[in-house]
*Asks:* 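Please find one structure pasted underneath; my questions will follow.
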Amino acid sequence: MEQPQQETVERYSRQMVLGCFGVESQRCLSRARVLVVGAGGLGCPAAMYLAGAGVGALCLLDRHGDCVERSNLHRQIAYNDAVVGVDKAEALAQFVRNLNPRCDVQRLDSKQHGVGICAANAEQMVQGFDVVLDCTDNVMSRYVLSDACALQKVPLVSGAAIGTDGQLSVYCSSGAKDDDTPCYRCVHPVAPPQHCVGSCDSAGVLGPVPGIIGTLQAIEAIKVICGASFVGAEPLRRKMLLFDAMDCSFRTMKLRARNSACIACSSNSTSTQNRITRVNEYDYDAFLMGDSAGDSAAAAPAI
Amino acid sequence: MEQPQQETVERYSRQMVLGCFGVESQRCLSRARVLVVGAGGLGCPAAMYLAGAGVGALCLLDRHGDCVERSNLHRQIAYNDAVVGVDKAEALAQFVRNLNPRCDVQRLDSKQHGVGICAANAEQMVQGFDVVLDCTDNVMSRYVLSDACALQKVPLVSGAAIGTDGQLSVYCSSGAKDDDTPCYRCVHPVAPPQHCVGSCDSAGVLGPVPGIIGTLQAIEAIKVICGASFVGAEPLRRKMLLFDAMDCSFRTMKLRARNSACIACSSNSTSTQNRITRVNEYDYDAFLMGDSAGDSAAAAPAI
Amino acid sequence: MVRVELCFGGGLEALLGGQKRTPVDVPDECRTMGKLILWIRDTLISERHDMFMKDDCVRPGILVLINSSDWELEGTTQYVLEPGDSISFISTLHGG
Amino acid sequence: MVRVELCFGGGLEALLGGQKRTPVDVPDECRTMGKLILWIRDTLISERHDMFMKDDCVRPGILVLINSSDWELEGTTQYVLEPGDSISFISTLHGG
Ligand SMILES: [Zn+2]
Ligand SMILES: [Zn+2]
């Protein structure tokens, strides 16, 4: 009978044989704890490829009560008609458990039952993970997640897609002295006006476009996890990738360094407690409402 | 009870609402016949996203008797432990049938039972398709498929991946007078020496790397199928995309135009019969063996 | 006059009738990024100006690139255009 | 001497110890692509020359790029190097 270890070696053999990756990188993956927030068009391929590659623990989080709809199926390829109506993060967890039984897959439940990630619980949520993937679909979640990752010094692989466009970057320093990676808030200090924010549901999206960005998020997460073991690999820090499916063009832009005055990620160590207090007391609703107070969308729990 | 048509509208609503795509492009997809050759790391995401997007008919072809192995699972995300040992094209067909029951999914069987695509049957195989995806893993299949597509004037979306690198291009003119798209043979007139050809099995591959290229192949196929209905979309003709996962860099290179003396795609209409004869009588084995006659690998059926 | 290329992306191209790349000749008196933005609003954009600007600058949620660099690295509104520069305005995406 | 950047990819970088980008000063007498290839073989590549060349030219299966263009569009071996050119040698991939 086949030994469990032989089975594992066989499963990952095509990665371990790769000179720059090797056994050591595979070991890094097997010890890694990864949080994927958002189980939609980005989260599906990201979670599938991360489980396939062999991360040790994969936690999935989506808005509680967010269920698979038929209009998701063209781009959220872990689902099919049989799971329409099923809780999304649970359906994705089931898929990736089958894909790789060696991966410890959990559907993360927020402390406050019935709520996804939000300002009140985000910091605890991201604590202890080696990397977090932002696969969400709204502005508030993006700030809440980045603030939490900045405080906890957890690297954040952030992807976004809409229409025929996609964007990708790795935010938040891991805490190393010379790491000047900005957080999401450093690059986007002011939230966009609500009337300028589109969603895949309202503006539409070509199915495979989030597929590209979600799969790239898996690659960036692998590089962040493996670090120097993955020889020559460089995560997309202080860079943003811009994808346009119309002509299959990709551009890489250089991003600003961390802002030393950023309320979330400032490196001024004397103010750590201050920072935490400031972020915890931060009024996300007011920040997001900006020019359109009265719109109740921003008051809803984020995922 | 829900009407079939309502169900279809709901399924594709997020694509149809996209201004540049619209109902007309969705209709083009629903009428399209697509052949995916190779059910591995490229073929899995390509077939999944094409079925999700709503192509009318999807035919899958792999080497007969090529079955899912555990070492495939890290990158071939349509499979899991339950289908180890199952015929690959059949397993992929089953997956995409579940993903979209509205898509007519066939596992294409070669005329000669027990053989995949080869010089003797390739031209008949590709006939009648709107686009063919080259998701194969060997040199011979790439020439055989391209020659067949060149003769039949079927556009060929060609992807390749190994290690942490990927390549993508659209080959073969659709037959329009001013279309100077080269075929694979125009760009690669001489086959590489066998000792310079790596495979994912021997050289290794990072799991999500073929995922990027296969998903991009789905996007390019959608653009080829929809043509002018997909307003502003430009397939990657006379261009090749080069992907390096190590630093997440993408480069686009300009390719040469069609070679007017190419034995497969020359536009000289007086020689059409000549061309067909020349390609049909072409000695692929001798071509590929080049500097290493005696190696029997090239004599095996390609896919 | 200084000739530069303007790029609009991430959906912002809708403000220019879908055009993603536009070569333009910018008058000498508008050679700083701060003035270029006003010139674009007045010359190229015919409606929905609030999708592009807020309070005399680019609205929050638009990434501004000077030759593939974040404009924060190039002096933002103070940057002086050079012939051949490529200036991009890319809307930040939030969908998934 | 003319300073150009050499890029190796698709696995060919193994011939240069894994280095993908190398700035080099090419002697004036090697300014054509034909001569550059011989110069690279003799100066930069220490082993497995048959992975790079065949019969005094680049072996089949290597894409040669001159500033992101297929070298067939630039005169192949006859092209004369300009300072700042980027010359790439990319191995064609066949895996899937
Ligand atoms: Zn910050
Ligand atoms: Zn040809």
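A, B, ... follow the sequence lines: proteins, then strands. Residue 1 opens every chain.
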*Asks:* Shorter than 4.5 Å, heavy atoms on both sides: which option in B:Leu73, B:Leu206, B:Asn72, B:Val17 has the most such pairs with chain A?
*Replies:*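 Top count of heavy-atom pairs under 4.5 Å with chain A: B:Leu206.
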*Asks:* How far apart are the closest heavy atoms of B:Ile212 and A:Ile219, and which atoms are they?
*Replies:*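 Smallest interatomic distance, heavy atoms only, reads CG1-CD1, 3.9 Å.
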*Asks:* Please give me the minimum heavy-atom distance between A:Gly211 and B:Tyr49, naming the atom from each residue.
*Replies:*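 In this case the closest contact between A:Gly211 and B:Tyr49 is CA-OH, 3.1 Å.
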*Asks:* In terms of heavy-atom pairs under 4.5 Å, which option from B:Leu216, B:Asp201, B:Asp244 contacts chain A the most?
*Replies:* B:Asp201
*Asks:* Heavy-atom cut-off 4.5 Å, strictly under: side chain, backbone, both or neither for A:Phe95 against chain B?
*Replies:*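 Just its side chain gets close to chain B.
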*Asks:* With a 4.5 angstrom heavy-atom cut-off, could you sort out which part of A:Leu99 is near chain B: side chain, backbone, both or neither?
*Replies:*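 The answer is both parts of A:Leu99.
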*Asks:* If you tally heavy-atom pairs under 4.5 Å against chain B, which of A:Thr164, A:Val231, A:Asp81 wins?
*Replies:*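 Option with the greatest count: A:Asp81.
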*Asks:* So which part of A:Ser249 gets closer than 4.5 Å to some heavy atom of chain B, the side chain, the backbone, both or neither?
*Replies:*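 Neither part, no heavy atoms under 4.5 Å.
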*Asks:* Contact part of A:Leu236 toward chain B, heavy-atom cut-off under 4.5 Å: side chain, backbone, both or neither?
*Replies:* side chain
*Asks:* Pick from B:Asn98, B:Val209, B:Val96: which one has the most heavy-atom pairs with chain A under 4.5 Å?
*Replies:* B:Asn98
*Asks:* Report the option among B:Pro101, B:Ser71, B:Cys20 that has the most heavy-atom pairs separated by less than 4.5 Å from atoms of chain A.
*Replies:* B:Ser71
*Asks:* If I measure from the heavy atoms of chain A, does B:Ala53 come under 4.5 Å with its side chain, its backbone, both, or neither?
*Replies:* backbone
*Asks:* Contact between A:Glu7 and B:Arg70 at the side-chain level, heavy atoms closer than 4.5 Å - yes or no?
*Replies:*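 The answer is yes, as the side chains (C-beta and beyond) meet within the 4.5 Å cut-off.
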*Asks:* Specify which of B:Ser202, B:Ala245, B:Ala218 makes the most heavy-atom pairs with chain A at under 4.5 Å.
*Replies:* B:Ala245
*Asks:* Answer whether the closest heavy-atom distance between the side chains of B:Arg14 and A:Cys200 falls below 4.5 Å.
*Replies:*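 Heavy-atom side-chain distance check fails, nothing below 4.5 Å.
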*Asks:* With a 4.5 Å heavy-atom cut-off, do B:Pro208 and A:Gln217 have their side chains touching?
*Replies:* no
*Asks:* When heavy-atom pairs shorter than 4.5 Å are enumerated against chain B, which of A:Met48, A:Arg251, A:His74, A:Glu69 gives the highest number?
*Replies:*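 Of the options given, most contacts go to A:His74.
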*Asks:* For chain A, which of B:Gln76, B:Gln15, B:Met16, B:Lys239 has the most heavy-atom pairs under 4.5 Å?
*Replies:*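 Most heavy-atom pairs under 4.5 Å with chain A: B:Gln15.
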*Asks:* In terms of heavy-atom pairs under 4.5 Å with chain B, which of A:Tyr79, A:Phe243, A:Phe230, A:Tyr12 leads?
*Replies:*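 Ranked by heavy-atom pairs under 4.5 Å with chain B, first place is A:Phe230.
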*Asks:* At a heavy-atom separation under 4.5 Å, does B:Ser25 approach chain A through its side chain, its backbone, both, or neither?
*Replies:* neither
*Asks:* Identify which of A:Ile162, A:Asp247, A:Leu168, A:Leu50 forms the greatest number of heavy-atom pairs closer than 4.5 Å to chain B.
*Replies:*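 Option with the top pair count is A:Asp247.
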*Asks:* Side chain, backbone, both or neither: which part of B:Arg75 has an atom under 4.5 Å from a heavy atom of chain A?
*Replies:* both
*Asks:* Given heavy-atom pairs under 4.5 angstrom as the criterion, report whether the side chain, backbone, both or neither of A:Ala203 touches chain B.
*Replies:*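 A:Ala203 touches chain B through backbone heavy atoms alone.
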*Asks:* At their closest point, which heavy atom of A:Met246 faces which heavy atom of B:Gly232, and how far apart are they?
*Replies:*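 In this case the closest contact between A:Met246 and B:Gly232 is CE-C, 3.6 Å.
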*Asks:* Please look at A:Ser13 and chain B and tell me whether the side chain, the backbone, both or neither of the residue comes under 4.5 angstrom of a heavy atom of that chain.
*Replies:* side chain
*Asks:* Identify the heavy atoms of B:Cys248 and A:Thr252 that sit nearest to each other, and give their distance.
*Replies:* O-OG1, 4.5 Å
